[in-house]
**Q** 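One structure coming up, written as structure tokens, with questions to follow.
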Amino acid sequence: MTALRPGQSPPPVRMPSLRIDGAMEFPLKRRSVAETPANRRWWVGFGSMSEVSPQEPAPLSESEIVASRRAKLKRFRDELGFEPYGQREAGLLPLANARKLFSEDAHAAFDAASKEAKATGGVAADSRAVVRVAGRVVQHRDMGKLVFLFLRDATGDLQVSVSKSAVAANAFELAKLADYGDILVIEGPIGRTMKGEVCVWATTVSLGAKSLAAPPEKWHGLSDPELRYRRRYVDMYANPETAKVFAMRARIVSRIRRFMDARGFLEVETPVLQPIAGGAAARPFTTHHNALDMPLFMRIAPELYLKRCLVGGMGKVYEINRNFRNEGIDRSHNPEFTAMEVYEAFGDYGTMMELTESLLHELAVGMVDERANAGLRANAEGPVLPWGEMEINYARPFVRVKFEELFKRGTGIDMRDFGAVRAKARELGLHHEAKLDDWLVVNEVFEEAAEPLIDPCRPTFVTDYPSAISPLTRPSRRDPALCERWDIFIGGMEIGPAYTELNDPDIQLAKFTEQLKGADDEESTFRTLDEDFIESLRVGMPPAGGLGIGIDRLVMLLTDSASIRDVILFPLLKSMAPAASEGSAE
RNA sequence: GAUUGCGUAGCUCAGUCGGUAGAGCAGCGGCCUUUUAAGCCGUAGGUCCUGGGUUCAAGUCCCAGCGCAAUCACCA
């Protein structure tokens, strides 16, 4: 795909969109996940190589570490008779489950029995549970005729001891020669070592996969954030904190689905490849369908399709959707990001507020237990979750404040007194105010002087924005200068907006047309009037409430992550080298 | 887009005033049957991000570029 070049002149107003972006206004000094003291243990690296024929020599520039691992691979296969890339295994237990089968009584009984057996020359009775486990080697201590290993899987770490006297000769050699990062399959009774560590006393050892890549530093691991993102497959297991974040993310998304489903919303999937990128004011990525010889855009929002669903009769719909926006990257923006958009027929921005508050409260309550179980910081008293230096309190009700009131509180002046507002703007150093329409000055002054009043530690709905800065939202029936829109702020980030949706096709058409007039040449290359959408409104869309929530930012908050890149498995990074592009994209 | 910082062995990092490359871990060879960042003996490993420049001499100073991070701007 070819990205449009970033420009400097977006339209001064937004489309009727559920925009998820918003400025992240405050600095947060955070330790990176990798620096957490609790994580400074047992780092190992593993670079999964693409399929390489086992007989092929190493690629050109592999280090001597990789070369020695390849030599070991050959040795495992040729001398020890182990298939280095394993096979289906039955009866494997996750390491945490295996650890739970440890019995103090069985261990003590066996301990006593083996002492007696040693004295009498008999055989000790053994009632210890026998487990079969697999995991990546993250520690390896060779004591000569006894090898201690720590294996790791997604559930945790477990020690294994391989005694020369307890396993076949080739299995003992395998354990001795195992590298950090190798995946081993081990069976044996589970007991304790002399130092008290719960430990599987191996009776068999085999290989699940030989690791060929040089591991990261055993103690400090991967701490360079760039390497952690580029080689996430190493970061994910070398840094258990990383794996926990993504496991939590999965459960959060799952809970969101259950919440929405329980309220009778239907989950739908709408096009990512769109002939017209509508629903938000953002630069799209462009692409092309060859067989149809058709230019296409990656979606910037699903909004216009979800509204078509309302027209079609789906009363309550939602989509957990990946959006693609050809814009800047920072701590709260990734070019592709996940949002949830929700539409409810005969709802409005008030029903969306209730839904949002219930959902976020429920998620926060769930996360208190979740975090405690994961061994992370959590507050025992109520739905209070740490985010960096903050303690964010999700107790209901969330704070609600009208845009106009917050403006007054922040500036001491009435936002409708444009003269005073402009004076305030100049006082704040907003020297370009003269070029802006009155309401845009109001908006800038609001962001400068009023938004900082929002308590970042309390989820806050800012409601009833001026119509003029949200021109595609339905104006309030009580006061046409205002519109039925709110934005929710948490931790200084905008998490999402909601609207009472516009369903008058004539007004919508007029506003689209007006918006297009403001587009410059570059914008007009991708901004097109979606006539089919207007046609769908003419069929008749019920009045509705609409909501957008930035899932990545929400996960940041709930998992105490400082950057959106810490909650996206594979965030976009620049290519390391200008390698020849595959497939000559136009 | 601007500013600042960082970029040295596979990884984590030192490198003084500009004097010709260091440690730990990982690796390799050896010893060790209870280790917890195991230990001991020996050994190998460098495009100091890239390209210029200054200098007798550059990891170090200067310029440009690349990548990452932070802050700001943009984005609404």
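Reminder, nothing fancy here: chain letters follow the sequence lines and each chain counts from 1.
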**Q** Output the single nucleotide from B:U34, B:U36, B:C32 whose closest atom is nearest the side chain of A:Phe150.
**A** B:U36

**Q** Are A:Ser223 and B:C13 close enough that a side-chain N or O sits under 4.0 Å from OP1 or OP2?
**A** yes

**Q** In whole angstrom, what separates A:Lys574's NZ from B:G65's P?
**A** 12 Å

**Q** Mind checking the P distance from B:G22 to B:G46? Whole angstroms is fine.
**A** 13 Å

**Q** Rounding to an integer number of Å, can you tell me how far A:Arg325 CZ sits from B:C75 P?
**A** 15 Å

**Q** In terms of the nearest nucleotide of RNA chain B, which residue is placed more toward the 5' end: A:Gly144 or A:Arg565?
**A** A:Gly144

**Q** Give me the distance, rounded to whole Å, that separates B:G29 from B:A44 when you measure between the C1' atoms they each carry.
**A** 10 Å

**Q** A:Tyr229 OH to B:G67 C1': how many Å, rounded?
**A** 14 Å

**Q** Side chain of A:Glu226: nearest nucleotide among B:C11, B:U34, B:G67?
**A** B:G67

**Q** Which nucleotide, B:C68, B:U36, B:U71, lies nearest any side-chain atom of A:Thr193?
**A** B:U36

**Q** In terms of side-chain heavy atoms of A:Met143, which of B:U12, B:C68, B:U33 is nearest?
**A** B:U33

**Q** Using purine N1 to pyrimidine N3 plus N6-O4 or O6-N4 for Watson-Crick, or N1-O2 and O6-N3 for G-U wobble, each under 3.5 Å, what pairs with B:C6?
**A** B:G67

**Q** I'd like to know if A:Arg422 pairs up with A:Asp438 as an ion pair, taking the criterion as any Lys NZ or Arg NE/NH1/NH2 lying under 4.0 Å from an Asp or Glu carboxylate oxygen.
**A** yes

**Q** Before accepting this row, confirm whether a basic side-chain N of the pair A:Glu336/A:Arg325 lies closer than 4.0 Å to the acidic partner's carboxylate O.
**A** no

**Q** Does A:Ser161 make a side-chain donor-acceptor contact with the base of B:U34, cut-off 3.5 Å?
**A** no

**Q** Please report, rounded to the nearest Å, how far the C1' atom of B:U33 is from the NZ atom of A:Lys118.
**A** 10 Å

**Q** Salt bridge or not between A:Arg136 and A:Asp182? Use side-chain N to carboxylate O under 4.0 Å.
**A** no

**Q** Strictly below 4.0 Å, N to O, side chains only: are A:Lys176 and A:Glu173 in salt-bridge contact?
**A** no

**Q** A:Trp486 and side chain to side chain contact (heavy atoms under 4.5 Å, CB included): which partner among A:Thr356, A:Asp464, A:Val462?
**A** A:Thr356

**Q** What's the closest nucleotide to the A:Tyr180 side chain, out of B:G67, B:A38, B:U34?
**A** B:A38

**Q** Describe the nucleic acid contact of A:Asp224 in one word from base, sugar-phosphate, nothing, applying a heavy-atom distance below 4.0 Å.
**A** sugar-phosphate

**Q** Any strand counts, and the cut-off is 3.5 Å on both contacts for Watson-Crick or G-U wobble. Which nucleotide pairs with B:G29?
**A** B:C41

**Q** Just the rounded figure in Å: distance from C1' of B:G27 to CG of A:Asp182.
**A** 13 Å

**Q** Checking contacts here: which listed nucleotide (B:C68, B:U34, B:G27) is nearest the side-chain heavy atoms of A:Ile65?
**A** B:G27

**Q** If pairing requires Watson-Crick or G-U wobble contacts with both distances under 3.5 Å, which nucleotide is the partner of B:G1?
**A** B:C72

**Q** Please classify the nucleic acid contact of A:Arg192 as base, sugar-phosphate, or nothing, using heavy-atom distances under 4.0 Å.
**A** nothing

**Q** Applying the Watson-Crick and G-U wobble criteria at under 3.5 Å, what pairs with B:C56? Answer none if nothing qualifies.
**A** B:G19

**Q** Check for me whether A:Arg485 meets the cation-pi criterion with A:Tyr465, that is, NZ or CZ under 6.0 Å from the six-membered ring centre and within 45 degrees of the ring axis.
**A** yes

**Q** B:G24 pairs with which nucleotide, Watson-Crick or G-U wobble, both distances below 3.5 Å?
**A** B:C11

**Q** Find the distance A:Glu64:CD to B:U43:P and express it as a whole number of Å.
**A** 15 Å

**Q** With rounding to whole Å, what would you report as the distance between B:A64 and B:A23 at their C1' atoms?
**A** 34 Å

**Q** Between B:C28, B:A73, B:A37, spot the one nearest the side chain of A:Asp330, thanks.
**A** B:A73

**Q** How far does the P atom of B:U55 sit from the matching atom of B:G39, given to the nearest Å?
**A** 50 Å

**Q** Report the residue (A:Ser163 or A:Leu177) whose heavy-atom-nearest nucleotide on RNA chain B is the more 5′ of the two.
**A** A:Leu177

**Q** Take A:Val445 and A:Phe407, measure what side-chain contact (heavy atoms from CB on, under 4.5 Å) needs, and give me the verdict at the end.
**A** CA-CA 8 Å; A:Val445 171; A:Phe407 188 96; 3.8 Å; yes

**Q** Grab the NZ-P distance between A:Lys218 and B:C13 for me, whole Å please.
**A** 17 Å

**Q** Out of B:A44, B:A76, B:G67, which nucleotide sits closest to the side chain of A:Arg230?
**A** B:G67

**Q** Does the pair A:Phe285 and A:Phe297 meet the rule for a ring-ring contact (aromatic ring centres under 6.0 Å, His included), with working shown?
**A** CA-CA 6 Å; A:Phe285 290 94; A:Phe297 300 99; over 10 Å; no

**Q** Considering only the P atoms, how many Å lie between B:A21 and B:U36, rounded to the nearest integer?
**A** 37 Å

**Q** Between B:C28 and B:U71, how far is it from one C1' atom to the other, in whole Å?
**A** 46 Å

**Q** By nearest atom, which of the nucleotides B:A26, B:C11, B:U33 is closest to the A:Pro215 side chain?
**A** B:A26

**Q** Considering only the P atoms, how many Å lie between B:A9 and B:A70, rounded to the nearest integer?
**A** 23 Å

**Q** For B:G46, what is the paired nucleotide under Watson-Crick or G-U wobble rules, both distances under 3.5 Å?
**A** none

**Q** Roughly how far apart, to the nearest Å, are B:C31 and B:G7 at atom P?
**A** 41 Å

**Q** Whole angstrom is fine here: how far is it from CD in A:Glu303 over to P in B:A76?
**A** 16 Å

**Q** Watson-Crick or G-U wobble partner for B:U36, using a 3.5 Å limit on both distances?
**A** none

